[in-house]
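Heads up: numbering here begins at 1 and tracks the sequence. When a ligand or atom number is given, it counts from 1 through the structure's own listing order.
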Amino acid sequence: MKFFIDTANLDQIKEAQDLGILDGVTTNPSLMAKEGITGTNNILKHYVDICNIVDGDVSAEVISTDFDGMVREGEALADLHDQIVIKLPMIKDGVKACKYFSSKGIKTNVTLVFSPGQALLAAKAGATYVSPFIGRLDDVSTDGLNLIGEIRHIYDNYAFETQILAASIRHTMHIIDCAKLGADVMTGPLSSILGLLKHPLTDIGLEKFLADYNKGN
Ligand code: E4P
């Protein structure tokens with residue numbers, strides 16, 4: 001399972017990268033705004049800064065909602081760095097743009113996916129990644145994890161190569177459950193990744209080992 005971090009915060013990206021477990025980064029316009037990164041030039045520079053920290057794929061989202069605009073924006077984003085993946089919304093023109101980029105060998109991430117039908121369309125359009133938003137489904141009393149299972153089933157039936165990128169991860173258990181369901185990638189906040197480290201028996205055990213070692217020294 002690949003681990004992506006879902007943030008535009010450079011310190012958090014560095015921390016995850018330094019841990020040695022990071023495979024990539026996802027961003028979106030809201031995450032950029034949260035870090036105070038506004039204006040096209042600043043946003044583009046920030047993508048390059050992120051690419052220079054991590055080794056893997058970095059999703060950069062278009063803000064156009066029409067095919068021509070998405071192609072124009074996506075091509076400019078792809079020219080920024082070879083780690084950039086064009087993030088496209090799951091709307092009609094987004095599917096069309098996904099097909100356009102995948103035909104040219106440019107990586108894509110189809111975002112804002114909330115149903116198996118949408119995921120099927122993304123795979124048909126040759127998306128590199130499909131991003132089902134599990135936390136946002138949970139927020140409206142719909143089982144987000146169930147969607148991961150449904151997409152896994154459909155993709156396996158036809159050996160689609162599109163990778164399931166479980167997004168809108170809210171906590172550590174989401175990561176575990178997505179791993180059990182066979183999601184190819186998860187993207188979440190640093191806190192949910194670091195949560196995987198925690199177990200009280202590890203802390204108690206280590207304390208005891210160190211105390212016993214110190215008895216003889
Ligand atoms: C995915 O690529 C999105 O950036 C993200 O996971 C959305 O998560 P949220 O629902 O916590 O905003």
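- Listed by atom number, the atoms of ligand 1 under 4.0 Å from Arg136 heavy atoms are 7 (C), 9 (P), 10 (O), 12 (O).
- Relative ring orientation between Phe160 and Tyr158 is described as tilted, the plane-to-plane angle lying within the 30° to 60° band.
- The minimum heavy-atom distance linking Leu165 with Met186 is given by the pair CD2-C, 4.4 Å.
- What sits closest to atom 5 (C) of ligand 1 on the protein, heavy atoms only, is Asp6 OD2, 2.8 Å.
- Protein heavy atom nearest atom 8 (O) of ligand 1, with residue, atom name and distance: Ser168 CA, 3.3 Å.
- Between Arg170 and ligand 1 there is a heavy-atom distance shorter than 4.0 Å.
- Listed by number with element, the atoms of ligand 1 under 4.0 angstrom from any heavy atom of Thr26 are 2 (O).
- Between Cys178 and Leu145, the shortest heavy-atom contact is SG-CD2, 3.8 Å.
- One finds the NZ atom of Lys34 at 10.0 Å from the CG atom of Asn28 (value rounded to the nearest 0.5 Å).
- Taking every non-hydrogen atom of Lys87 and a distance limit under 4.0 Å, the qualifying atoms of ligand 1 come out as 1 (C), 2 (O), 3 (C), 4 (O).
- Here the closest heavy-atom approach between residue Leu31 and residue Ala8 is recorded as O-CB, 3.7 Å.
- In this structure, atom 7 (C) of ligand 1 lies nearest to the protein heavy atom Phe133 CE2, 3.6 Å.
- For the residue pair Thr27 and Ala60, the shortest heavy atom distance occurs at OG1-CA, 4.2 Å.
- A donor-acceptor contact closer than 3.5 angstrom links the side chains of Asn9 and Glu35.
- Taking every heavy atom of Ala167 and a limit of under 4.0 angstrom, the matching atoms of ligand 1 come to 1 (C), 6 (O).
- The option from Val25, Thr7, Leu31, Asn28 that lies nearest to atom 3 (C) of ligand 1, judged by heavy atoms, is Asn28.
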